Amino acid sequence: MKIMIAGDYQEMSSIAANIIAEEIKKKPDLVLGLATGSTPLGTYRELVRMYKEGKLDFSRVITFNLDEYYGLSPTDPRSYHYYMYTNFFNHVNIKPENIHIPDGMAKDVEEECRRYDEQIQKAGGIDLQLLGIGVNGHIGFNEPGDELLTNTHLTNLAPDTIKANARFFESIDEVPRKAITVGLGTIMKARKIILLASGREKAKIMAELLDEDAVSTKVPASFLLLHRDVTVLMDKEAANIYLKKKDGCCGTVGV
Ligand code: PGA
């Protein structure tokens, strides 16, 4: 696991976008796993900027998003479909047929999950997966529990997640209680992973994650310790407790 600590959110976002850009340049038909939430917004902004400056071409890139709220339509401004189009897809030359996001309105959810996994498999699996992390250690919507599922599935959101995501809704009661998420197996099979963490509220979980050398279903992100090619990229605020425990060391830390 490679641990990188950026000075601030902007620097973290530029580093992430540069890693993604390099991978697209190496493999123009890259299969890119994408995340939503506040954390990757800066990364998307940087990627859009690179595209607009003529430095990056998304015409052959294939994307798969991690998750979607169950019961929200793609036109709902709080859906991840809406987020992805407004923050990223509408501003780059990606082909609509190369964009994949679970259908939160699917009548047959099991079939939708099966179809999504099949599409990922048909594309050859994820080359590069971008991840955020929940305050409870979730990745995608794989929430802490007694077991973690490997494939795409309908899941109940954890109380911590509902609370954290309430900021995107008028009230906490409006936050969907369920979501469709890719499973931990899909994430772990990605060839390369970037985990982004930004802000003070992530400092505790990042210290917990990086100090442990054990995996636990109670901290889904801990399974990343078993992956061959993970870059953990944090801003200083998210790294704060981790750095204090490491005696105030700073800069780029390779593990
Ligand atoms: P955030 O969400 O980027 O909005 O903090 C991350 C996550 O829940 O995975």
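Model, not experiment: these values are computed from the prediction. Counting starts at 1 for both ligands and their atoms, in listed order. If you read the sequence from its start, that first residue is 1, and numbering goes on from there.
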*Who's the nearest protein heavy-atom neighbour of atom 3 (O) of ligand 1, and how far?*
T39 OG1, 2.4 Å

_Side chain or backbone, does H138 bring an N or O within less than 3.5 Å of an N or O on ligand 1?_
yes

*Parallel, tilted or perpendicular, as decided by the 30° and 60° cut-offs, for the rings of Y44 and Y83*: perpendicular

*Output the list of atoms in ligand 1 that are nearer than 4.0 Å to some heavy atom of G37, sorted by atom number.*
3 (O), 4 (O)

*asked:* Over 60° means perpendicular and under 30° means parallel, so tell me whether F64 and H100 are parallel, tilted or perpendicular.
replied: parallel

*Are any of the N/O atoms in R167 less than 3.5 Å from those in ligand 1?*
yes

*So, E110 and R114, do they make that salt bridge, N to O below 4.0 Å?*
no

*asked:* Below 4.0 Å, non-hydrogen atoms only: which portion of K202 touches ligand 1? Side chain, backbone, both or neither.
replied: side chain

*Minimum heavy-atom separation for M206 to V232, with atom names?*
CE-CG1, 3.5 Å

*asked:* Which of the numbered atoms in ligand 1 are under 4.0 angstrom from any heavy atom belonging to G132?
replied: 9 (O)

*According to a 4.5 Å side-chain heavy-atom criterion applied to Ile, Leu, Val, Met, Phe, Trp and Tyr, with indirect links allowed, do L41 and Y51 form part of one hydrophobic cluster?*
yes

*Parallel, tilted or perpendicular, as decided by the 30° and 60° cut-offs, for the rings of H81 and Y85*: parallel

*Heavy-atom nearest neighbour in the protein, as seen from atom 6 (C) of ligand 1, with distance rounded to 0.1 Å*: I133 O, 3.5 Å

